[in-house]
Structure formats: structure tokens, C-alpha cells
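Below: one structure, written as C-alpha cells.
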There are 4 protein chains.
Amino acid sequence: MTTTDERAEQRRRDIVDAAFKVFSSRGYHAAGIADIAAELGIGHGTFYRYFENKRDILVHVVAEAAERLMSVMVEDDPHRTATLTDYRQQTEHICTRLFTLFAEDRALTRLLFVEAIGADPEMTAMLQRIYEAMAVGTEQYLRNGVEKGFLRADLDTEITAKALNGMIIASGMSLLSAKDPIAERDRWIRAGIGVMFDGIRGERP
Amino acid sequence: MTTTDERAEQRRRDIVDAAFKVFSSRGYHAAGIADIAAELGIGHGTFYRYFENKRDILVHVVAEAAERLMSVMVEDDPHRTATLTDYRQQTEHICTRLFTLFAEDRALTRLLFVEAIGADPEMTAMLQRIYEAMAVGTEQYLRNGVEKGFLRADLDTEITAKALNGMIIASGMSLLSAKDPIAERDRWIRAGIGVMFDGIRGERP
Amino acid sequence: MTTTDERAEQRRRDIVDAAFKVFSSRGYHAAGIADIAAELGIGHGTFYRYFENKRDILVHVVAEAAERLMSVMVEDDPHRTATLTDYRQQTEHICTRLFTLFAEDRALTRLLFVEAIGADPEMTAMLQRIYEAMAVGTEQYLRNGVEKGFLRADLDTEITAKALNGMIIASGMSLLSAKDPIAERDRWIRAGIGVMFDGIRGERP
Amino acid sequence: MTTTDERAEQRRRDIVDAAFKVFSSRGYHAAGIADIAAELGIGHGTFYRYFENKRDILVHVVAEAAERLMSVMVEDDPHRTATLTDYRQQTEHICTRLFTLFAEDRALTRLLFVEAIGADPEMTAMLQRIYEAMAVGTEQYLRNGVEKGFLRADLDTEITAKALNGMIIASGMSLLSAKDPIAERDRWIRAGIGVMFDGIRGERP
DNA sequence: TATGAATGAGCTTTCATTCAT
DNA sequence: TATGAATGAAAGCTCATTCAT
């Protein structure tokens with residue numbers, strides 16, 4: 001019967017969700033397996049039927065969080081746009097979705113950008129790979145723009161993608177402690193798009 | 001006697017340095033007080049004569065590291081420059097110094113951007129304050145540019161400063177795993193300055 | 001229905017056999033109920049339908065092993081022999097059968113003389129009773145010899161039986177780590193019989 | 001100062017002694033580190049300053065117990081005796097000392113012959129090495145007797161030594177559950193020596 | 001009858017911190 | 001002032017046993 005498998009799969013998801021909650025609130029090191037189990041109202045032995053150990057669940061929690069983040073980033077087609085205006089609008093949509101995610105799901109932001117990062121060397125490496133993947137995603141948009149001719153031809157797409165990524169992460173961190181996240185988000189959208197496209201310098205003669 | 005105080009002060013510095021080394025290599029949680037003491041060849045009971053506890057030393061280590069970072073950022077006078085060219089050169093100098101610091105002192109980068117960030121809630125708060133301070137520093141440069149008229153008048157200096165900060169931190173993270181940090185640094189300087197000033201879009205008509 | 005009972009009885013035997021295998025290879029404490037169930041390809045909940053708990057199965061496994069050992073010891077009739085030569089031959093047969101059992105079924109040897117002995121206080125007591133029973137068996141042969149007059153009249157049959165038992169157990173332990181068990185067994189038969197009957201001292205004048 | 005080292009050495013010995021007591025009474029697996037610490041009235045963290053882990057202390061406890069046993073066995077010079085009478089007396093002395101040890105220090109007997117034997121595979125191997133060493137010791141006495149001509153020339157000294165060892169161990173086990181250990185010991189001495197030297201058969205014609 | 005998901009008692013081990021010397 | 005032996009809270013993890021299905 002599939003029911004058993006489905007139930008197991010559901011429980012795995014429940015544990016990942018509970019762990020996500022616990023890790024992002026208490027922090028990875030301060031959190032215990034007992035906290036996760038208590039969050040679900042299950043025995044802590046049950047946890048070990050579904051996950052190898054504490055690190056194992058962290059990997060799954062981070063993987064899922066990263067997937068959610070990535071799915072927001074790659075929702076658009078990098079090759080769709082052909083003009084700067086079009087492209088700018090696409091970027092605005094992506095940023096809106098991302099910053100909204102950050103503003104609404106502070107736990108995710110906290111987990112990915114704060115709690116997981118120094119959990120242990122391998123976790124740090126995993127997050128660096130995630131940042132790298134984000135950058136690769138961003139770079140595709142940039143490449144498309146350079147190829148279509150509406151972005152600077154001399155753009156170092158790799159580094160620039162990482163730099164833009166840094167801005168995105170900074171927005172997440174900033175929204176984390178914002179008093180009015182929605183208002184702050186809107187400022188980030190405007191200001192962020194502004195820097196990205198036009199830079200900071202004044203109007204050219 | 002001053003000598004005694006001086007000696008004590010020296011020892012405090014030694015401990016901070018040793019802790020810096022240990023935390024940035026092993027990671028905060030994986031590191032033990034015994035490791036720090038061993039690094040200095042002192043008894044680990046001695047540690048507690050100079051610092052309250054493990055968190056206390058982390059605070060000092062992070063504070064010192066942050067100070068080093070800040071000193072590089074504020075070495076220039078934010079109000080000195082009057083033209084865009086001048087300003088761009090100043091920015092290039094600052095970025096060069098910063099990225100060189102990141103490339104040369106990976107331990108500092110690792111400590112500030114990786115190990116300390118999720119150590120515990122208060123540490124996270126402290127680092128957010130540090131990022132905030134960095135942003136405030138950056139903002140002064142931007143304000144000067146806006147006031148002098150060579151930066152966009154409508155610049156949201158606060159958010160933009162944070163965004164640029166994010167780029168700076170991203171460069172640090174990137175250099176952390178770079179194979180050839182010096183070459184990577186130079187790409188970051190060029191590409192970073194490029195995005196900052198001109199944005200990513202192609203030449204205007 | 002008898003069929004049901006027979007099936008149940010068969011399953012009990014299967015579980016005892018599987019447990020025997022698992023305990024003698026992994027060791028009692030290192031072995032888990034799950035290992036026994038896995039060996040049989042049954043659910044480990046099923047185990048508890050046939051045996052009370054882990055100790056219960058050990059008792060059964062040890063009892064069965066002890067029975068096999070005892071059956072080899074009592075195969076002969078203690079009262080049959082009337083002369084020393086006859087008796088010596090009988091002893092040789094018994095030793096051959098015993099040592100062959102040890103050489104061929106190392107698992108049994110291991111279980112009885114190694115794994116079960118310190119499993120827990122009650123198990124230790126059970127094994128002491130088993131050793132005692134073996135000694136009682138051995139003593140019957142000695143008594144017969146003393147009565148018939150071909151063994152020393154002053155023999156402390158009880159202690160001597162225990163001592164001979166010790167030799168038998170020592171042979172089992174020795175064969176456990178023997179490279180060539182069959183060859184080693186033959187040496188044990190000869191040397192063992194030699195000590196038993198003649199002792200170690202040289203020819204009498 | 002040596003005092004510190006001496007104190008540490010004393011504590012190590014104390015822990016070994018306490019562990020010896022606890023292991024031989026509760027049994028290795030049933031005993032916890034906490035029991036050992038409680039026996040000494042020290043914190044259980046202290047235990048780990050002196051021993052790696054639970055297995056480590058068992059190794060030390062068994063090694064010490066084995067050493068005590070061995071020291072009793074090798075107290076005499078295997079090459080000293082030149083006549084059977086002399087030799088028999090020597091053997092009697094050794095057996096007396098051994099059996100007295102068993103009768104008086106049941107904990108040692110229990111530890112070596114019961115608790116440690118199946119603790120884990122490596123422990124089993126260690127004990128087999130100890131039995132082997134005992135056998136090697138015994139064999140030296142036999143070899144001397146064969147060389148000097150008062151023991152049977154055709155003696156398989158290796159196997160015979162193991163067989164005698166088995167008798168010795170059996171005496172230990174027997175004394176473990178004896179009601180009057182001293183009386184039982186004396187019977188073992190007489191009966192044991194009897195079998196060893198003269199075997200069981202009646203007077204020769 | 002057979003199952004295996006759930007459980008939690010209970011163990012080993014670590015390490016920040018204390019304090020007598 | 002410097003030390004490191006002692007400590008015990010606290011955590012991760014295992015596995016025999018139960019019981020609803």
C-alpha cells in the first residue's frame with residue numbers, strides 16, 4: 001500500500017518543517033533534537049527513524065530552503081527578454097518576488113544567511129555551493145543581456161553576478177531586522193534596481 | 001606599577017589574537033578554550049583571568065576584526081572629493097584596500113562573514129550592528145557625492161549603502177574560496193567599480 | 001488445529017536457530033533483535049510473539065546448545081564398561097565426539113564458552129548450572145570406574161569431574177582459534193586422554 | 001613536583017580499582033561510567049581525564065587482573081626442580097597460591113573468567129591472549145620436567161599445558177559458587193594435583 | 001497472526017567553567 | 001598571578017519493547 005510510504009514521506013516533511021522552525025529560531029547549535037521532536041509532539045527516538053543525525057536534518061532543511069529560494073530566482077526565462085526595458089521589468093519582478101520572500105519568510109532568510117553558514121565546515125561549503133548556484137542563475141540573465149546587446153559588452157558576468165547576489169543577500173539581512181519589512185522591501189526594490197541598472201553616478205552630460 | 005598593567009594588556013591582546021586564529025580556522029563552536037590556551041602555551045584557567053567566558057572572547061575577537069575592517073573603510077575622508085573622477089578614484093582605492101585585505105587575510109573574512117554570524121543570537125545582533133556601521137560609513141561617501149552633485153540626486157543613500165556593502169561582503173566570500181585570490185581581487189575591483197558607478201546597462205544613446 | 005501449533009513450533013525453532021547464529025557471530029550484547037528478525041526475514045515485532053524478550057531467547061538458545069553438548073556427552077552408557085582398556089576406549093570415543101563437535105561447530109563453542117557467560121548475572125548462573133550438569137555427567141563415568149575398581153579408589157570424583165570438564169572447555173576454547181582445527185583436535189584427543197589416565201609423570205620404576 | 005604525577009597515578013589506580021569492583025559485581029555491560037565514578041565519589045567527567053572511554057578502562061582492569069594472576073603463576077622458577085617429588089611439591093605450592101587467590105579474590109576470578117570474556121570481540125581476543133600466556137607459563141614447567149626426565153617423554157607439552165590451564169580455570173569457576181571456598185580449595189588442591197600427576201586410573205600392577 | 005512505526009529510558013561523552021594550590 | 005584537576009549539565013544517539021493496524 002502506498003499509504004504507508006505516503007505517511008512516512010509526510011512525516012519526513014513534517015520533521016524538516018519542524019527542524020526548519022527550530023533551527024531558524026533557536027539557531028542550529030542551540031537547538032536540540034529534543035526541541036524538534038517536542039515541536040512535533042513526537043518522541044525523539046522517532047526522529048532517528050527518519051534522519052541519520054543532527055547534521056543530516058540540517059542538510060535537508062537547508063536544501064529545501066535553498067530550493068525555495070532558487071525556484072523564485074529561476075521562475076523567469078533568462079532568454080526571454082530582448083530589450084532593456086523588458087529586461088528591467090523582468091528584473092524588477094524577480095527582485096519583487098525575492099524581497100517579498102525575504103520580507104515574509106524571515107525564518108528562511110535567517111536560516112540560509114545566518115544560522116547555517118558557520119554550522120560546520122561542510123555546511124559552510126554547502127552554502128558556498130548554494131551561493132555559487134545562485135550566482136550561476138543570475139549570470140544567465142546577464143549573459144542574455146550582453147548577447148542581446150542591451151547590457152554592457154565588457155561586463156564581467158561572473159563577478160558581476162556574484163556582486164548582484166551580494167546585494168540580494170544584503171537585502172535579506174536588512175529585511176531581517178526591519179521594523180516595517182514591506183516598506184523596506186519596496187525601498188530595496190527601487191534602490192536595488194537603480195544601482196543595478198544605472199549605477200550611482202549622476203546623469204551624464 | 002604600569003608594567004603589570006602593560007603586561008596584562010599584552011596578554012589580553014595575545015589571547016584575542018590566539019582566539020582569532022583558532023575561531024577562524026576551527027570555527028567558533030568546534031573550538032575550545034583549551035585550543036586557545038594551547039595556541040598560546042598557557043593554562044586554560046589563565047584564560048578566565050582575562051575574559052569572562054567563551055562568548056566574551058568572541059565579542060572581543062569580532063570587535064577587533066571589525067575595527068580592522070572599518071579602519072580600512074574610513075581611511076579616506078568622505079568629504080574630500082568634489083568631482084566624479086576624483087570620487088571614482090577614491091572608491092577604487094578603498095575597494096583595492098578592502099579586497100586586498102580580504103585576499104590576504106582570509107581568516108578575518110572567514111571570522112566576520114562565516115564563523116561569527118550564527119554563533120548565537122547576541123552575536124548575530126552584534127554583527128548586524130557591525131554591518132550597519134559599515135553601511136553608515138559607506139553612506140557618508142554617497143551623501144557627499146549627492147551633495148556635491150556628482151551622484152544621482154534621487155539616490156536612496158541608506159539602502160544603496162547597504163547594497164554596496166552586500167557587494168563588498170560578497171567579494172569577501174568569493175575571495176575565500178578563490179584559487180588565485182590576487183587575480184580574483186583585481187577582477188572584483190574592476191567589475192565591482194563598474195557596477196557601482198555605471199550599472200550593468202549598455203551605453204546610452 | 002495441530003497445523004497451526006506445528007507451524008508456531010517451527011517458527012520458534014527458526015528463531016532460536018537465527019538467534020544462535022546472530023549471538024555467536026556478533027555477540028549477545030552487540031546483537032539486536034532486529035538482526036535476528038532480519039536473519040529470518042521477518043518483522044521484529046513478530047519476534048515478541050514467540051519470545052518474551054532478548055534474555056528469553058538467549059536462554060532458549062543456550063539451552064539448546066547445552067542440550068546438544070550434553071547429548072554428545074551422555075551418548076554412551078556410564079555403567080557399560082568393566083575394564084580400564086574398555087573404559088579408556090569409551091572415553092576416547094566421547095572425547096572424539098566432543099572435540100569434533102567443537103572443531104566443527106565453532107559457533108556453539110563460542111556461544112557456550114564466550115558469548116553467553118557474562119551476558120548477565122542470571123545467564124552466568126544458568127551456565128554455571130550447565131557446567132555443573134556436565135560435571136555430574138562426567139562424574140558418573142568416574143564413579144563407575146571407581147566402583148568397578150579400574151580407577152583410583154581415592155578419587156574425589158566430584159572435583160575430578162569438574163577438573164576434566166575444565167580440560168574439555170579448554171579444548172573448545174583452543175579449537176576456537178586453531179588454524180587447523182582437525183589436526184588440533186587430534187592432538188587434544190591424544191594429549192587429553194594421556195593426562196586424564198596417566199597424568200603427566202614419567203614411567204614408574 | 002613529583003607530587004602531582006604521583007597523585008595522578010594514584011587516581012588512575014583508584015579508578016582501575018573502582019572499575020574492577022564495579023565490573024566484577026555488576027558486570028561490564030550493566031555497569032556505567034557513573035557507577036565507577038560514584039564508587040569513588042568523583043564526578044564522572046573526572047573519569048575521562050584518566051581514561052579514554054569505557055573499553056579503555058576495561059583493558060586496564062583486565063590487564064591488571066591478568067598481571068596479578070600471572071605473577072602468582074610465575075613466582076617459582078620453572079627450571080629449579082630436578083626430581084618428581086620436588087616438582088610435585090612445587091606444583092602444589094603454585095596450585096595452593098592460585099586456588100587461594102581464586103578463593104579469596106572472587107572478584108578477580110569473576111572478572112577474568114566471566115565478565116570480560118564476551119565483552120566485545122577485541123576483549124575476547126585479549127583474554128585468549130592472556131589464556132595463551134598462562135599456557136606458555138605452564139608449558140615451561142612441563143618442558144623442564146620432560147627435559148629432566150621426570151615427566152613423560154612423549155608429553156605434548158603445548159596441549160597439555162592448555163589442558164592443565166583449563167583445570168585451573170575450572171577451579172576458579174568452581175570456587176566462585178562454593179559455599180565454603182577454603183574447604184573446596186583444599187579439595188581442588190589434592191584432587192587437581194592427583195589428576196595432573198597420576199591421572200585417574202587405578203594402581204598399576 | 002504479522003508487522004514495523006513509535007517510543008523513551010538510559011547510556012557515553014564533551015567541554016565551559018570553577019577554584020584550591 | 002597562573003594553573004589544570006575536577007566537575008556536571010547537557011547533548012546525541014541506540015535499541016528493546018509496545019501496540020495499533
Side-chain angles (χ1 to χ4, degrees), chain A residues 1 3-5 7-8 10-12 29-38 40-57, chain B residues 4 7-8 11 29-38 40-58, chain C residues 4 7-8 11 29-38 40-58, chain D residues 1 3-5 7-8 10-12 29-38 40-57:
Chain A
M1 229 202 301
T3 317
T4 297
D5 286 0
R7 203 172 298 202
Q10 183 55 45
R11 179 138 277 192
R12 278 184 71 87
H29 277 105
I33 298 300
D35 297 320
I36 299 171
L40 282 173
I42 63 174
H44 62 278
T46 306
F47 170 90
Y48 287 95
R49 288 189 55 76
Y50 294 89
F51 295 93
E52 285 288 308
N53 51 38
K54 201 182 171 188
R55 280 219 64 240
D56 189 24
I57 184 71
Chain B
T4 301
R7 201 174 297 199
R11 179 143 276 193
H29 277 105
I33 297 299
D35 296 319
I36 298 170
L40 280 174
I42 63 172
H44 60 276
T46 307
F47 170 91
Y48 286 91
R49 298 195 62 75
Y50 294 89
F51 295 92
E52 283 290 307
N53 52 35
K54 200 183 172 187
R55 279 217 61 245
D56 187 25
I57 184 72
L58 179 61
Chain C
T4 302
R7 203 173 296 197
R11 177 143 278 190
H29 276 105
I33 297 299
D35 296 321
I36 299 171
L40 281 174
I42 63 172
H44 61 276
T46 307
F47 171 90
Y48 285 92
R49 297 195 63 77
Y50 294 89
F51 295 93
E52 283 290 306
N53 51 37
K54 199 183 172 186
R55 280 216 61 244
D56 188 25
I57 183 72
L58 179 61
Chain D
M1 227 200 302
T3 317
T4 296
D5 287 359
R7 201 172 297 202
Q10 182 55 45
R11 180 139 275 194
R12 278 184 71 86
H29 277 105
I33 297 301
D35 297 320
I36 299 171
L40 282 173
I42 63 173
H44 61 277
T46 306
F47 170 89
Y48 287 95
R49 288 189 55 77
Y50 293 89
F51 295 92
E52 285 288 308
N53 49 38
K54 200 183 171 186
R55 280 218 62 242
D56 189 24
I57 184 72

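Side chains are part of it too, since the values below use all heavy atoms of this structure and drop only hydrogens, waters and symmetry mates. Throughout, a chain's letter reflects where its sequence line sits, starting with A, and its residues are numbered from 1.
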Seminar exercise, completed: Annotated structure of DNA chain E as dot-bracket, pair cut-off 3.5 Å, Watson-Crick or G-U only, | for inter-strand, is .||||||||||||||||||||
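For the pair B/F47 and B/L40, the minimum side-chain heavy-atom distance is 4.5 Å or more.
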Write down the protein N/O and nucleotide N/O pairs, taken from nucleotides 17-21 of chain E, whose separation is under 3.5 Å; answer none if there are no such pairs.
| from | atom 1 | to | atom 2 | distance (Å) |
| --- | --- | --- | --- | --- |
| E/dT17 | OP2 | B/Y48 | OH | 3.1 |
| E/dT17 | OP2 | B/K54 | N | 2.9 |

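Listed by chain and residue number, D/E9, D/Y50, D/F51, D/H60 satisfy the side chain to side chain contact (heavy atoms under 4.5 Å, CB included) test with D/R12 (two or more places apart in sequence, or in another chain). Scanning for side chain to side chain contact (heavy atoms under 4.5 Å, CB included) contacts around D/N53 gives D/R55, D/D56, with sequence neighbours left out. Residues satisfying the side chain to side chain donor-acceptor pair (under 3.5 Å) test with B/H29, not counting sequence neighbours, are A/H29. D/Q10 pairs by the side chain to side chain donor-acceptor pair (under 3.5 Å) definition with D/R13, D/D14, not counting sequence neighbours.
Within 4.0 Å of A/A37, counting heavy atoms only, lies no atom of the nucleic acid at all. No engagement by D/A30 is indicated, since no non-hydrogen atom pair under 4.0 Å with the nucleic acid exists. Nucleic acid contact for C/F51: none, since no nucleic acid atom lies under 4.0 Å from a heavy atom of the residue.
For the atom pair D/I42 CD1 and D/R49 CZ, the distance stands at 11.0 Å (nearest 0.5 Å). Rounded to the nearest 0.5 Å, atoms CD1 (A/I36) and NE2 (A/H44) are 12.0 Å apart.
Taking atom CD1 of residue A/I57 and atom C1' of nucleotide F/dG12, one finds them 15 Å apart after rounding to whole Å. Taking atom CG on C/D35 and atom P on F/dC15, their separation rounds to 9 Å, with Å as the unit. Counting to the nearest Å, the P atom of E/dA6 and the CG atom of A/L40 are 11 Å from each other.
Across the interface with DNA chain F, nearest-nucleotide mapping of D/G43 and B/G41 shows B/G41 to be the residue nearer the 5′ end. If you find the closest nucleotide of DNA chain F to C/A31 and to B/R11, the one lying nearer the 5' end belongs to B/R11. When each of A/Y50 and D/H29 is assigned the nucleotide of DNA chain E bearing its nearest heavy atom, the one mapping closer to the 5' terminus is A/Y50.
Residue A/T46 places at least one side-chain N or O under 4.0 Å from the OP1 or OP2 atom of E/dT7.
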